[in-house]
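Single-structure report; data block below.
Keep in mind the model is a prediction, meaning the values are calculated, not measured.
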Amino acid sequence: ENQQMVSHALNDKGAIRLLGNGRQMSAEDIKKNIELLMQNPVQIKNMSRAGLEVADGLGVKRVVLETKPRYSKDGKIISLRPLTLEDNELLFEWQLDPRTRRYFKNPGIPTYDEHTSWVKSRLNDIFSYTVIILHGKAPAGVLRLDPAKGVVGGRSVYMISLYVDPHKYELGIGKAALGIIVELMNHSEMRAEIHKENIPSKRLFENLGFVTNNGYLYIKPPVEIFEV
C-alpha cells in the first residue's frame, strides 16, 4: 500500500508515468507505453527534471552536513537552497554592482531581459546546479556547478563559480558556501577558472584543497572510493 502512495506521488510530480495495476496489464501494453514515451523526448526531459527535484542521491550527505553547520565570521549559519524565479530581482541588483562582475570573463553588466533569460535557463537546466547562498535566512550569493566540457571517460567533472552580495564581502560567506558544496559533491572532480588578478579567490580555493599548474585553472580531484 505504501508503494502505491509513493507511485501516485511520483506520478503527480511528473517523475514517472503510472500505467496502472501491473496484474491487469499485458507485456504488449507495457511495450506500447514505452514506445510512446521514447517518441516524446520533451516528456522524457521533463520526467528527468522532476526526478532530480524529488531525489538527487545526496540526501545522506545533506544529513551529515546538518550535524556540522558552517558559519560566517559574524556567527550566522551559511546554507544553500535552490534558485527560484523569485530570486531574479535580487540577483539583478547584485549584477548591477560593478564589483560583482569585476573578475568575470564578461565583465559587462547584462540588461534586465538578458539576466531574466539567464535565470530561466538555469531553472530549466537539469544537468547543472544553481543555488542561493543563505547568510542566516537572507540570500547572500549565488553558487553554480556546470558539467565541464570536453571530459572523456565518463568522469563526473564540474566547473564551479560563485559570487557574493557585494555588501557582504569579508564575512567568510563564500568560503563557507564553497566548503559545503565541496563536501557535498566530493565524489566529483571540481574545477574553477580564476582571473589572474583575483587573489582572494585564489587563496580561497587553495585553502579548500584546489591546486593549479598555471595560476588560472584550479582543480580538486574527487575523493577516491575503494571497494573491498
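Atom OH of Tyr218 is separated from atom CG of Leu204 by 10.5 Å, given to the nearest 0.5 angstrom. Atom OG of Ser201 and atom CG of Leu178 lie 9.5 Å apart (nearest 0.5 Å). Put simply, CG on Leu143 and CD1 on Ile132 are 10.0 Å apart, with the number rounded to the nearest 0.5 Å. How far OG of Ser72 is from CG of Leu171: 6.0 Å, rounded to the nearest 0.5 Å. Atom NE2 of His195 is separated from atom CZ of Phe104 by 12.0 Å, given to the nearest 0.5 angstrom. Distance CG/Leu96 to CZ/Arg101: 10.0 Å, rounded to 0.5 Å.
Among Leu85, Asn124, Val142, the one residue that satisfies the side-chain contact (heavy atoms from CB on, under 4.5 Å) test with Val119 is Leu85.
At a threshold of 4.5 Å between non-hydrogen side-chain atoms, the residues Glu93 and Gln95 do not count as touching. In this structure, the side chains of Pro110 and Trp118 stay at 4.5 Å or more apart for every pair of heavy atoms. Under the 4.5 Å side-chain criterion, counting only non-hydrogen atoms from C-beta, Leu91 is in contact with Leu83. For the pair Leu184/Val182, no side-chain contact is recorded, criterion being any heavy-atom separation below 4.5 Å from C-beta on. Residues Leu80 and Ile181 are in side-chain contact: their nearest non-hydrogen atoms beyond the backbone lie under 4.5 Å apart.
Note on ring orientation: taking the six-membered ring where Trp is involved, the planes of His115 and Tyr112 are tilted (angle from 30° to 60°).
Heavy atoms only, all atoms of each residue included: Tyr216 and Thr212 are closest at N-OG1, 3.6 Å. The heavy-atom pair separating Tyr163 from Trp94 by the smallest distance is CE1-CE3, 3.7 Å. Closest approach of Tyr71 to Ala176, counting heavy atoms only: O-CB, 4.2 Å. Nearest heavy atom pair, residue Pro166 against residue Thr100, reads CG-OG1, 3.3 Å. Contact detail for Leu90 and Pro139: the closest heavy-atom pair is CD2-CB, 3.6 Å. Taking every heavy atom of both residues into account, Ser79 and Gly136 meet most closely at OG-O, 4.4 Å.
Applying the salt bridge (charged side-chain N to carboxylate O under 4.0 Å, His left out) test to every pair with at least one member in residues 74-87, sequence neighbours left out, gives these pairs: Arg81-Asp87. For the salt bridge (charged side-chain N to carboxylate O under 4.0 Å, His left out) condition, no pair includes a residue of residues 202-221, sequence neighbours left out. Within the structure, the salt bridge (charged side-chain N to carboxylate O under 4.0 Å, His left out) test picks out the following pairs touching residues 186-196 (sequence neighbours left out): Lys105-Glu193, Arg155-Glu189, Glu189-Arg191.
Between Phe210 and Phe205, the ring centre distance stays below 6.0 Å.
Linking Ile, Leu, Val, Met, Phe, Trp and Tyr whenever their side-chain heavy atoms come within less than 4.5 Å leaves Leu162 and Ile219 in two separate clusters. At a threshold of 4.5 Å between side-chain heavy atoms, the hydrophobic network of Ile, Leu, Val, Met, Phe, Trp and Tyr places Ile173 and Tyr169 in one connected group. By the criterion of side-chain heavy atoms lying less than 4.5 angstrom apart, applied directly or through intervening Ile, Leu, Val, Met, Phe, Trp or Tyr residues, Met159 is not grouped with Ile133; the two fall into different hydrophobic clusters.
Partners of Arg144 under the salt bridge (Lys or Arg N to Asp or Glu O under 4.0 Å) rule, at least two apart in sequence or in another chain, are Asp146. In this structure, the side-chain hydrogen bond (donor to acceptor under 3.5 Å, both in side chains) partners of Lys168, at least two apart in sequence or on a different chain, are His135. Residues meeting the side-chain hydrogen bond (donor to acceptor under 3.5 Å, both in side chains) test with Tyr103, sequence neighbours left out: none.
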Under the side chain to side chain contact (heavy atoms under 4.5 Å, CB included) criterion, do Arg70 and Ile77 qualify, and how do the steps go? CA-CA 6 Å; Arg70 295 175 184 263; Ile77 292 178; over 6 Å; no
Using the rule given for side chain to side chain contact (heavy atoms under 4.5 Å, CB included), can you reason through Met190 versus Val157, listing the C-alpha separation, both sets of side-chain angles and the distance that settles it, and then say yes or no? CA-CA 6 Å; Met190 306 186 76; Val157 183; over 6 Å; no
Before you tell me yes or no, could you show the steps for Lys73 and Lys175 under side chain to side chain contact (heavy atoms under 4.5 Å, CB included), namely the whole-Å CA-CA distance, both residues' side-chain angles and the distance that decides it to 0.1 Å? CA-CA 10 Å; Lys73 291 180 180 179; Lys175 179 180 180 181; over 6 Å; no
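In Asn213, the CG atom is not crowded: 12 or fewer heavy atoms of neighbouring residues, nucleotides or ligands sit closer than 6.0 Å. Shown here is Arg99, whose CZ atom has more than 12 heavy atoms of other residues, nucleotides or ligands within 6.0 Å. Counting non-hydrogen atoms of neighbouring residues, nucleotides and ligands closer than 6.0 angstrom, the CD atom of Glu170 reaches no more than 12 such neighbours.
Put simply, the side chain of Asn33 gets close to the backbone of Asp29: a donor and an acceptor are under 3.5 Å apart. A side-chain donor-acceptor contact under 3.5 Å links Asn214 to the backbone of Leu217. In this structure a side-chain-to-backbone donor-acceptor pair under 3.5 Å is present from Glu114 to Thr111.
With no hydrogens or angles considered, no side-chain donor-acceptor pair links Asp113 and Thr116 at under 3.5 Å.
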